[in-house]
Structure formats: C-alpha cells, structure tokens
Amino acid sequence: MSMLNFIKYLKFDKKIFKGAIVFIALVALIIVYSGALAGTHDFYPNDKVSSMNVKEAVNSSGDYPYWFPWMMGGIPSVHSFQNVSDYYFPNYFFKALNFLGMPWFWNFVLHLFFGGVGIFVLLRKLNIDRFSSAISGMAFSIMPHVTAMLVYGHGSQIMTIVYMPWVFYSYLRLRENTSLSNLGIFSLIIGLQILRGHPQIAYYTWLMLGLCLLVDLIFFLINRKIDIKFFLFTIAGLALGVLSSLSLYIPSLSYLPYSDRVSDGSGGMGFENATEYSFSFGEILTFFIPSYYGFGNQSYWGSMTMTNFPNYMGILVLLFAFYGLIRYKWTVFKWFLLVCSSLFLILSFGGDFYRFLYDNLFYFSKFRNPMYMLIVVQFCTVCLAAMGIKMVFKDLRSKKIFLPIFLGISMFLFCVIFLIFKETFSNSVTSDDIKYKYRSSFVKQYPDIDLDIIEDYLASPEYSLIISKHTKLVQSMISSDINTLAIIVAFCFLGILITFFIYQYFKSSNYLMYILSALIALSVFFDIFVVNQKLMYPENTNHLSKKVADNYLDFYDSKIDNLALLKETETYVSSDVVKEIKSYEGDDIFPFRILDPKRAHSNEWARHQ
C-alpha cells in the first residue's frame, strides 16, 4: 500500500482512529511496566514481601484465619483490612483471568488503564477534544506518584486512585441529567472506590466532591438558580455508596479504638505522627527538577523522614496546565480545579491549615502522610493540561499571537536561562544542606543524645566522606535533570512553533494536527518515562549520564544491589528461612509460626509452616 493510499485509508476510517486514541494510555503502560508483564518478574519492596508472606500463609491453610497471631502481637484479620480484596467485586474477575493464565501484575496495569480512560471520558464530558483528553489520560496513568505507589507495594492505593476521574464523570452526568440511572452509576462508582480498601484516598475524593459541590452551590447562587433535586440525588448517591461498603467498614470501625490511629488520647494518631511525611514548600522545585532533593531512598535530603520518589508530574504537563489556566474559558469545573489543587497543595505541607482540619474534621485525624494529597494536585493538573493542549490547537489554527509568545518565553526560561545558570542551580545544594539532613535524622533517632556528640560524629572522616559523596551526587543529578528538561521542552515547543508558522501552507491541515498530536504525546510520555525508569530500577545506572552514574555508584557503593525492586518471582519468594519454618517439627507446632532468628530477609516475619 502506497503512502498516499494509506493516508486515504486513515481519512476513511478516522472515526475508528479517533476512538482508539484512548489506547495510547495502555500502550504507555505496557512500555513502562514491560519488565513485569510476563509474570516471570515482579516488584518486591518490603511492604509487598509482607503481604506476600500473609498470602502464602493463608493459601497454605484450609480455612481463612480470623486472627493473625504473627502481626503486631496479633490482630483480627477482617477488622484490619487483611482480606480487603474479598469485598471488592472486580477482584473476582481478575482472579478468573489469573486462573486462565494472565499474570497478576496485569490487575494493576488494567486498573491504571481504567484510570486513564476515566480521565479521557471526564475530559470528553467537559468538551475537551479526543487528542488532548487521551494525552492527559496517558499522563495520569503513568504519573510517577502512581508508579511509585505500585512498585513500592501500595496496590490498593493506586487502585483507589483510578476511581477519582470516574467519580467526577458520574457526578457531572448526574448534574447534567438528574435521573435514577445516573444516580445508580454515581453510587456504584462511589461504592466501588470505597470497597477497594484505601479509606484515605477515598476520603480525599470525598473532600474533593464536597469542594466541587460548594463551587457548584456558589455558581447556583450567583445565577439565582438552585437545583435542589441535584443536591438531594448527590447526597443519596453518596449514602448508597457508603451503605454498599458497610460489610467491610463496620468491622474496621469497631477495631479502630484499639488501633494506633487513635493513640494520642483525643481520637487521633497524634499530629506529629500524622504529619511526619509532609511535603515542604521548597520541594515544589521537584515539580520542575525531580532530583533537586535527591531521588528518594538514601539520596533524599528533604524535610520528610524519607521517601522513595520525587513528586514530579512532568514539565510539559505543568506548562500545558499553565497555558490552560490562562487561555481556557473560566468554567465552573475549571474554578474547581484551581481551588482544589491550591487547597490540597497547601494541605500537603501539614501546617496550620492541616492542623485545623485535623482538630475539627470528622475522621481526618486518623490519616497520616499529607504528601499523599499531592495525587489530587496531579489529578487537577492533568485536567488543566488537557485544557491547555486544546487551546494550543485552537490558537494554532486561529493564528493567535499569544501562542508563539508563550512558547518563546517558556523555551527562553527552561532552555536558555536554566542552562546558563545550571551550575548555579546545582551548586545551590551544599554539603551543609546534606549535613543538616543527617543531623536531623540522628536527633530524631536518638532524642536524648548530646548534640555535641552528633556534631563530632558528623565531623568524623567517615561521615564527612559520605556527606561529600552525597552532595556530589545530588549536584550532578540536578545538572543532568536540567539538560533533560531543556531538551524535552525545546523538542516539543519547537515542533509546535514550527507548525504554527507552516500550518497555513498545508492543504491537508488535519494530518499536520495528527503529527503534532503525536509529537506532544511522545514528548509528554518521554518526559515522565525517564523519571519512572529511575524510580522503578534504582539499581540500574544505564539510564543515567556518565557523571551521575559514577557519583551514584560511588555513593551507594556495594549497597546498590539492595535497591533492586524488580526480581524473579520464582527465586525470590523462597528462602532458607521459609524452608526452616516449613520443615520445623516439635511438640509445640502451631498452624502459624514466627521464625526469623537471623533476619535473613527484611520483613520476613509471617510464614506458614
């Protein structure tokens, strides 16, 4: 088939092509997680090893135990969410696919694709074009925050997150047409998200919904038209969603008084414990330069106790979101996105406003890690980015001079200024900054020790060398990130700029738009993919520049292999400890035992004999 005939074929089947565009999210997911899709390998962080041990113990037993004696001195299984998946109805569908031969990791991939499709249909509901919606859907499904939660063992969290766009899609359907069928869809989505078993993310979704209802109410009052039926149906939908989940949550709520989530004596877990993993204002820099505060693990030097990843969401996603903010029309939902993202960003800092909600908002004090609120910021940002991409296409066709001005300023800032002052940016992180992180860690770990002893220890030749290596690593990573950032912005925005000036000379301008859409999609994907590779394969230096790789190896030294997350499934789950437990014989045999005298595996604490 000649190229001309192929183009004609595309033109003939353009409806199919436009409908299939949503599958770029699935393609992106397959590329990102290619190492785990065959079932021969999987990601094994400590948290996942813990759950694997429990699963192995349960599968080896004839009956499901209602009491787990090996965890925290003993806990009830149902009440502590240990079998939460049994209450999540789609889990049985994935179990069937797994029985038929589909590797279990596809469960997570298909959920993430479901989330990407959710962004797509939500944005289409907001009258965003297919290309812009699909690109944002892809970005949401491979967002580094989501990727980190998955590869570090927080599967229920990412499977709860993917319902966020569907909740708002069903909400908008109900607002548009307040009918029983739309009420049913809304309550079903609410119920499924709650049943997925991550109350904190579901709670944040409800906070978002409450904020959206407030924005809607304000605009209803401005327009002097209040839809009482819509508000009643929304409340009814939320109530039905909660009722459908009571079989899971009533046991959990009855166990709550005995949980460490109410350990402060006033019904909460303690403000300091709850906000230990708070984002900091300075770490907003990681939205632009992902490695500015290190890249997680031991290289991280920020204010949190530790983290495994930067909260990067893509420089292009941010720039397109900013363009959408200033160019897209001010709809009710756009106001909601702006207010919601600003509010949750402030809450992620864990400051006075967080304290106010901690003290006054129902059940808010039971949650920790304010940093988790950034997923809401990222949800809002990808929606705004779709609005921005739509306006890029619209302004390009109508030859709006604002577009090349914006592109020029962005390239000047991120491709010229950043490169000129690259050394200034990298050297802004000093050994004193790194030393302060180590000092803070020691003070927290040993609160009663004399500060002079800590200072003497940090001034020792051994620790001075570690701090020096750490500083060099972070500085080289910042420099490398700026190079990558400049290339990505230049590649994408130069393509848009060139298209702006040659667009009028093309008769078949639609095909030029297809090419430009592909350019934007590839640029957005590559921008996030680069960060995901570092996040998923922290032991692999092949994706690092030579200088960064050398500093990386020098800093981690022989411990670098311990960073590996992706491991063979058949060889990892068995160990000498497991064999010792399974072969144990004695007069005091119990169905479940604890045995790990040599601590041969981190978190190897729950095995069935």
Side-chain angles (χ1 to χ4, degrees), residues 132 135-136 138-139 142-144 281-295 310-328 341 345 374 377-378 381-382 384-389 391-393 395-396 400-429 474-501 516 519-534 543-545 547-548:
S132 305
I135 292 169
S136 287
M138 174 197 68
I142 62 172
M143 194 62 66
F281 185 81
E283 288 180 77
I284 291 177
L285 279 170
T286 60
F287 292 172
F288 305 92
I289 304 173
S291 301
Y292 191 87
Y293 279 82
F295 201 90
N311 279 282
Y312 185 69
M313 63 186 85
I315 184 63
L316 293 179
V317 171
L318 275 176
L319 289 174
F320 284 128
F322 184 70
Y323 194 73
L325 199 60
I326 59 180
R327 286 290 297 141
Y328 194 77
S341 58
L345 178 61
L374 291 176
V377 178
Q378 293 165 9
T381 303
V382 296
L384 287 170
M387 297 175 181
I389 296 172
M391 292 310 299
V392 166
F393 290 132
D395 289 350
L396 192 151
K400 295 288 185 182
I401 195 63
F402 190 86
L403 177 58
I405 292 175
F406 174 79
L407 296 173
I409 293 174
S410 298
M411 286 190 289
F412 178 74
L413 178 61
F414 293 104
C415 305
V416 178
I417 299 298
F418 266 50
L419 287 175
I420 291 174
F421 294 98
K422 181 172 63 175
E423 292 301 315
T424 303
F425 278 114
S426 61
N427 292 332
S428 63
V429 178
V474 173
Q475 290 175 346
S476 62
M477 287 195 296
I478 293 172
S479 181
S480 178
D481 282 352
I482 290 175
N483 290 336
T484 305
L485 174 151
I487 292 171
I488 289 171
V489 172
F491 178 76
C492 183
F493 281 15
L494 273 175
I496 299 173
L497 195 60
I498 291 171
T499 306
F500 179 86
F501 289 109
L516 182 59
L519 172 71
I520 294 174
L522 287 171
S523 301
V524 169
F525 170 76
F526 182 76
D527 183 14
I528 299 174
F529 176 77
V530 169
V531 174
N532 277 340
Q533 288 294 104
K534 297 177 184 177
H543 47 259
L544 303 176
S545 67
K547 184 177 180 181
V548 175

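Position 1 is the first residue of the sequence; numbering continues from there.
Shown are L285, I482, D481; of these, the side-chain contact (heavy atoms from CB on, under 4.5 Å) with Y292 is made only by L285.
For the side chain to side chain donor-acceptor pair (under 3.5 Å) condition, the pairs that include at least one residue of residues 483-497, sequence neighbours left out, are K422-N483. Note on residues 315-325: pairs passing side chain to side chain donor-acceptor pair (under 3.5 Å), not counting sequence neighbours, are Y323-D395.
Heavy atoms from other residues, nucleotides or ligands lying under 6.0 Å from CZ of F281 number 12 at most. The neighbour count for F491 CZ, taken as heavy atoms of other residues, nucleotides or ligands under 6.0 Å away, does not exceed 12.
Among all heavy-atom pairs drawn from G294 and M477, the shortest one is CA-CE, 3.8 Å. L516 and L396 get closest at one heavy-atom pair: CD2-CD1, 3.6 Å. The heavy-atom pair separating V317 from A385 by the smallest distance is O-CB, 3.5 Å. Of all the heavy atoms in L519 and G495, the pair that sits closest is CD2-CA, 3.5 Å. Minimum heavy-atom separation, M313 to Q378: CE-CG, 3.7 Å. Nearest heavy-atom pair across P144 and V531 is CG-CG1, 4.0 Å.
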task: Show your reasoning for whether side chain to side chain contact (heavy atoms under 4.5 Å, CB included) applies to S291 and V474.
output: CA-CA 7 Å; S291 301; V474 173; over 6 Å; no
Step-by-step side chain to side chain contact (heavy atoms under 4.5 Å, CB included) determination, I487 to F526: CA-CA 11 Å; I487 292 171; F526 182 76; over 6 Å; no
Apply side chain to side chain contact (heavy atoms under 4.5 Å, CB included) to the pair L345 and F287, showing each step before the final yes or no. CA-CA 12 Å; L345 178 61; F287 292 172; 4.2 Å; yes
Handout entry: side chain to side chain contact (heavy atoms under 4.5 Å, CB included) between L407 and F500, intermediate numbers included
Key = CA-CA 11 Å; L407 296 173; F500 179 86; 5.7 Å; no
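Separation of the F425 and F421 ring centroids does not fall under the 6.0 Å cut-off.
Considering only residues two or more places apart in sequence or on other chains, S545 meets the side chain to side chain donor-acceptor pair (under 3.5 Å) condition with none of them. Not a single side chain to side chain donor-acceptor pair (under 3.5 Å) links T286 to another residue, sequence neighbours left out. With sequence neighbours excluded, the residues satisfying side chain to side chain donor-acceptor pair (under 3.5 Å) with Y312 are D527.
S426 contributes no side-chain N or O that, together with a main-chain N or O of I478, makes up a donor-acceptor pair within less than 3.5 Å. Judged by distance alone, the side chain of N311 and the main-chain N or O of L374 form no donor-acceptor pair under 3.5 Å. Checked by atom type and distance alone, the side chain of S480 never pairs as donor or acceptor with a backbone atom of S476 at under 3.5 Å.
Summarising the geometry, atom CZ belonging to F493 is positioned 5.5 Å from atom CD1 belonging to I496; distances are rounded to the nearest 0.5 Å. In this structure, T381 OG1 and L325 CG are separated by 10.0 Å, a value rounded to the nearest 0.5 Å. Once rounded to the nearest 0.5 Å, the distance linking CD1 of I389 with CD1 of I135 reads 4.5 Å. Rounded to the nearest 0.5 Å, atoms CE (M143) and CE (M138) are 9.5 Å apart. Note that OG of S479 is 6.0 Å distant from NZ of K547, once rounded to the nearest 0.5 Å. Here CD1 of I528 is found 4.5 Å from CD1 of I142. Values are rounded to the nearest 0.5 Å.
With contacts defined as side-chain heavy-atom distances shorter than 4.5 Å, the pair F393/I520 qualifies.
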Would you tabulate the side-chain donor-acceptor contacts of residues 410-417 under 3.5 Å, counting partners in other chains and residues two or more places apart, or write 'none'?
unit_1 : atom_1 : unit_2 : atom_2 : d
S410   : OG     : F406   : O      : 2.9

